[in-house]
Amino acid sequence: MARRWRDGRGTLSITPSGEGDAAGDGDGPPARAVPLEIAASYRARTRGLLGRDCIAGAMLLTPAASVHTFRMRFPIDVAYLDRHDRVLAVRTMPPGRLGLPRPRARHVLEAEAGAMAAWGLRPGTTVTVTVHQEGGEGEAGPDGGDGGDGR
């Protein structure tokens, strides 16, 4: 069953791809945790980062397969995620650009330009979104829901 998202906040966990610990002894690189804003409603996705001067962390637009940077005040990094939260591509977009839709993309991550490279986010990396809910936190994995109704 498809995951259902709500607007809100969460944490994005990034474990570098190809650097994992094949032996499973826990000596692999640690996951990086990044503050996350989730824009799941039509209204929140439409507004996105418009009118802001910066963002602390990242914004997840879902569902989304493309973005634009018209009327934006700063360049952004854009990562396209498939339905398993695996990064398909990462691009830096200056203000005033239209990104082409990405086949297989289900979600788009946005952050300030240069942030994703610093986090080690590149094609093939899988991310995990932990949703902060009122009264606690819940994890939304690739196949599970977060209990939201998508509104």
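Nearest heavy atoms, P123 versus A89: CG-CA, 4.1 Å. Across all their heavy atoms, L121 and A79 have their closest contact at CD2-CB, 3.9 Å. When all heavy atoms of W119 and G57 are compared, the pair lying nearest together is CH2-O, 3.6 Å. The two residues S66 and P101 have their closest heavy-atom pair at CB-CA, 3.5 Å. Between R45 and L61, the shortest heavy-atom distance links the atoms CA-CD2, 4.2 Å. Here the closest non-hydrogen pair linking Y80 and L100 is OH-O, 4.1 Å.
Under the 3.5 Å distance criterion, with hydrogens and angles disregarded, a donor-acceptor pair is assigned to the side chains of H132 and T11. Under the 3.5 Å distance criterion, with hydrogens and angles disregarded, a donor-acceptor pair is assigned to the side chains of D7 and S41.
Atoms CZ and OG1, on R97 and T92 in that order, are 12.0 Å from each other to the nearest 0.5 Å. In this structure, CD in E112 is found 5.5 Å from SG in C54, a value given to the nearest 0.5 Å. From R86, atom CZ reaches atom OG1 of T126 across 5.5 Å, with rounding to the nearest 0.5 Å. Here the OG1-CH2 distance, from T62 to W5, works out to 6.5 Å after rounding to the nearest 0.5 Å. Distance check, rounded to the nearest 0.5 Å: CZ of R9 to CG of L60 gives 13.5 Å.
For the pair D77 (side chain) and A111 (backbone), a donor-acceptor distance under 3.5 Å is absent.
Ionic pairing of D53 and R73 is present here: one or more N-O contacts between side-chain nitrogen and carboxylate oxygen are shorter than 4.0 angstrom. In summary, R52 and E37 engage in a salt bridge, as defined by a charged side-chain N under 4.0 Å from a carboxylate O.
Cluster membership check: I38 shares its hydrophobic cluster with L12, using side-chain heavy-atom separations under 4.5 Å among Ile, Leu, Val, Met, Phe, Trp and Tyr. Taken together through direct or relayed side-chain contacts under 4.5 Å among Ile, Leu, Val, Met, Phe, Trp and Tyr, V90 and I55 form parts of separate hydrophobic clusters. Taken together through direct or relayed side-chain contacts under 4.5 Å among Ile, Leu, Val, Met, Phe, Trp and Tyr, L36 and I76 form parts of separate hydrophobic clusters. No path of Ile, Leu, Val, Met, Phe, Trp and Tyr side chains, each step under 4.5 Å between heavy atoms, connects M59 with V34, placing them in separate hydrophobic clusters. Cluster membership check: V108 does not share its hydrophobic cluster with V87, using side-chain heavy-atom separations under 4.5 Å among Ile, Leu, Val, Met, Phe, Trp and Tyr.
Residues R104 and L88 are in side-chain contact: their nearest non-hydrogen atoms beyond the backbone lie under 4.5 Å apart. Within the 4.5 Å cutoff, side-chain heavy atoms of L49 are placed close to those of E110.
Within a 6.0 Å radius of OH in Y42, other residues, nucleotides and ligands contribute 12 heavy atoms or fewer.
Evaluated for a side-chain contact (heavy atoms from CB on, under 4.5 Å) with M116, the options T125, L109, V78 yield exactly one hit, L109.
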So D85 and H107, side-chain contact (heavy atoms from CB on, under 4.5 Å) or not? Walk me through it. CA-CA 8 Å; D85 298 335; H107 320 286; 3.6 Å; yes

